[in-house]
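Reading through the structure tokens given below for one structure.
Note that the numbering runs from 1 along the sequence shown for the chain. These numbers were taken from a predicted model, which means no experiment stands behind them.
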Amino acid sequence: MKKQIIALATCIFMGFSSITSYAYSAEVCQGNTANADDVKAFYSNLSSKGYAVTAKGYSDKGITIADKNDFINAKNYNVLYWSGHGGSNGNNATLNITHDSSKRFNTFEAADKWKNTYDLKVAIIAACYQFNGNGLRGKWVEIMKNSGLKVLAGYHESAPSSNDTKIANEFFRLANETRGSSQGNSVRYSWQQANIANGSSGKWIVLGYKTNRMEYYRLPGFPGSFEASPSSKTVYRYTSKNINGTGATSRAASFINREIPYEIKVSEDTLDLDTAVLGDNCHVASLDDDAQAKIINLRENRLDSIALEDAQKNNAVIIENLGIDSNLSNAIINNYALLETEIKEDGSDGEENNIGVVSTYQQQYRGIPLEDNFFTVCSDSDGVFSVIDRWSEISEIDSSQIIEPITIRKAEEILDSKLNFKAPEIDSCEYVYKKTENGTYRLSVKLVLENNQQYYVDAVSGDLETVEIE
């Protein structure tokens, strides 16, 4: 019997048993939302880099919902991606939060278990309000300073409800991107630009360090990755905030009782850009959801201070030099300040620096936005660093379908009558032109609930469409 055991050990040692060695590990978790495609995107992209990836909360049979223990166990991996419903109340945050969830839990009761552990380097929490306010951010800073975490990313407002997968795929495209001698992009920049490219300029947040090049920390094993520790334990938050623009604050009320086209057609192509205007280091790529839409990256943005007015002028000059100022002359304009803010020990704000401006030109018709149809330019102290082109020109207005749309109040009544449960309060509602599968835009009323669930009510038929939260 002893000889048989020795022989078995020899066979294993000599390679008759296949044992795979992984350099890095990750846990990807599907919380209590209905679609796991963004989690699957993280699984496949991390696996392709040689990660040992553990998936929690979903299977071929459907969503099973990752729980508090899965969140705690992230401490045993190098990377965490969590996707699900979230909420906050004062100095507490909650995950898996819905009216009927039995698996909800306090985020910090779980995350506190990460303290004094050093495997977890990057955690991305794609859920609403997990970084909402100084109280929550102060708790995250304490966890970072007492663990091996180098970067935290997520949302300080409502998370994108239908673009999670697009953001995940763009995040990895940026993390893998190489331009000449530049190898890859940081977690901070990749998360920032993936959200901006998908219309979430004012929601994303990244917490990180700034010494020993930690602001450029990459996912372990990705191009340009390096391992280092901060020489200063000061944590900074990176966000963008809407500062000014033409806005559209009255558009919902302005068009309730006016005749307006039901359907709008747009050109098949986005704007024809002379990228030579932007410099020699342009990297042009198609966006995940639209082969015609383009993101043009020149470099990561610098973190030096720049006056808001100067950055906005930079963006205006780029628009003019590209020769598209007339195309964008009637757009709804929103300017977002890129901010770097020191987080003090108690979570309060320290010094805040403006490090750039993101200017977004939203396509519209009579003040009503055409969703996912915009042009964005981003600049910092060195000039433009990224351009996103989702803009398509309006080509045809169907005059045979001029309508008097249903009112906002009527849309609210339709929503209430068709839901078979008591829904959370409505957070916002507005008229939008929603893109259809054939590329045209149709008028709808968009309603967003407090839990970030989105619905569209067709402005003619009153049909209700539910947007599946990913």
Side-chain angles (χ1 to χ4, degrees), residues 21-28 42-53 74-81 114-125 140-141 143-154 168-195 204-238 281 283 285 297-304 338 340 342-343 353 355-356 380-382 385-386:
S21 176
Y22 295 97
Y24 305 105
S25 62
E27 184 184 44
V28 296
F42 265 79
Y43 186 100
S44 61
N45 279 283
L46 291 168
S47 295
S48 71
K49 288 294 183 181
Y51 275 67
V53 186
K75 67 184 180 181
N76 300 318
Y77 300 85
N78 303 130
V79 174
L80 166 69
Y81 180 74
W114 298 351
K115 290 179 179 177
N116 301 313
T117 67
Y118 298 92
D119 288 333
L120 185 60
K121 309 297 183 186
V122 177
I124 299 175
I125 305 170
W140 283 122
V141 167
I143 291 167
M144 287 185 70
K145 290 180 177 180
N146 291 281
S147 71
L149 268 171
K150 307 297 176 65
V151 185
L152 273 164
N169 286 325
E170 181 59 17
F171 172 79
F172 280 106
R173 193 195 65 75
L174 288 162
N176 276 305
E177 183 181 71
T178 57
R179 302 179 305 279
S181 61
S182 177
Q183 297 294 307
N185 289 299
S186 68
V187 175
R188 170 188 56 79
Y189 181 80
S190 300
W191 188 247
Q192 166 189 304
Q193 292 304 114
N195 276 275
W204 63 273
I205 187 171
V206 175
L207 304 188
Y209 297 105
K210 200 179 173 184
T211 54
N212 295 340
R213 299 186 66 248
M214 294 299 293
E215 64 268 38
Y216 300 111
Y217 190 82
R218 285 139 164 78
L219 285 170
F222 278 66
S225 63
F226 61 92
E227 196 51 51
S229 296
S231 57
S232 167
K233 284 289 190 177
T234 302
V235 176
Y236 295 83
R237 80 168 189 263
Y238 298 92
N281 297 320
H283 182 86
N297 278 333
L298 287 81
R299 55 181 170 80
E300 285 210 26
N301 61 299
R302 295 180 61 85
L303 304 183
D304 299 326
L338 286 173
E340 175 192 75
E342 176 188 350
I343 303 177
N353 293 317
I355 56 175
D380 59 14
S381 59
D382 269 4
F385 64 84
S386 181

Are [X] and [Y] close enough that some pair of their side-chain heavy atoms sits under 4.5 Å apart?
X	Y	answer
Val187	Val206	no
Leu80	Trp114	yes
Asn212	Pro230	no
Arg188	Asn301	yes

Geometric class of the Phe172/Phe42 ring pair [parallel <30°, tilted 30-60°, perpendicular >60°]:
perpendicular

Kindly check if the number of other-residue, nucleotide or ligand heavy atoms within 6.0 Å of CG (Asn281) is above 12?
no

Keeping the roles fixed (side chain from Arg302, backbone from Ser381), state whether a donor-acceptor pair exists under 3.5 Å.
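Flag not set: sc Arg302 to bb Ser381 has no pair under 3.5 Å.
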
First locate atom [atom1] of [X], then atom [atom2] of [Y], and finally report the distance between them rounded to the nearest 0.5 Å.
X	Y	atom1	atom2	result
Arg299	Tyr189	CZ	OH	8.0 Å
Leu120	Lys150	CG	NZ	10.5 Å
Tyr217	Lys121	OH	NZ	6.0 Å
Leu149	Asp119	CG	CG	11.0 Å

Is it true that Asn185 and Arg173 share a donor-acceptor pair across their side chains at a distance under 3.5 Å?
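No, Asn185 and Arg173 have no side-chain donor paired with an acceptor closer than 3.5 Å.
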
Under 3.5 Å, is there a donor-acceptor pair linking the side chains of Glu340 and Tyr238?
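Their side chains do contain a donor-acceptor pair, which is all the 3.5 Å distance test asks for.
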
Cationic tip of Lys49 within the cone over Phe222's six-membered ring, i.e. under 6.0 Å and within 45° of the normal?
yes

How far apart are the closest heavy atoms of Tyr209 and Ser232, and which atoms are they?
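Closest approach of Tyr209 to Ser232: CD2-O, 3.7 Å.
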
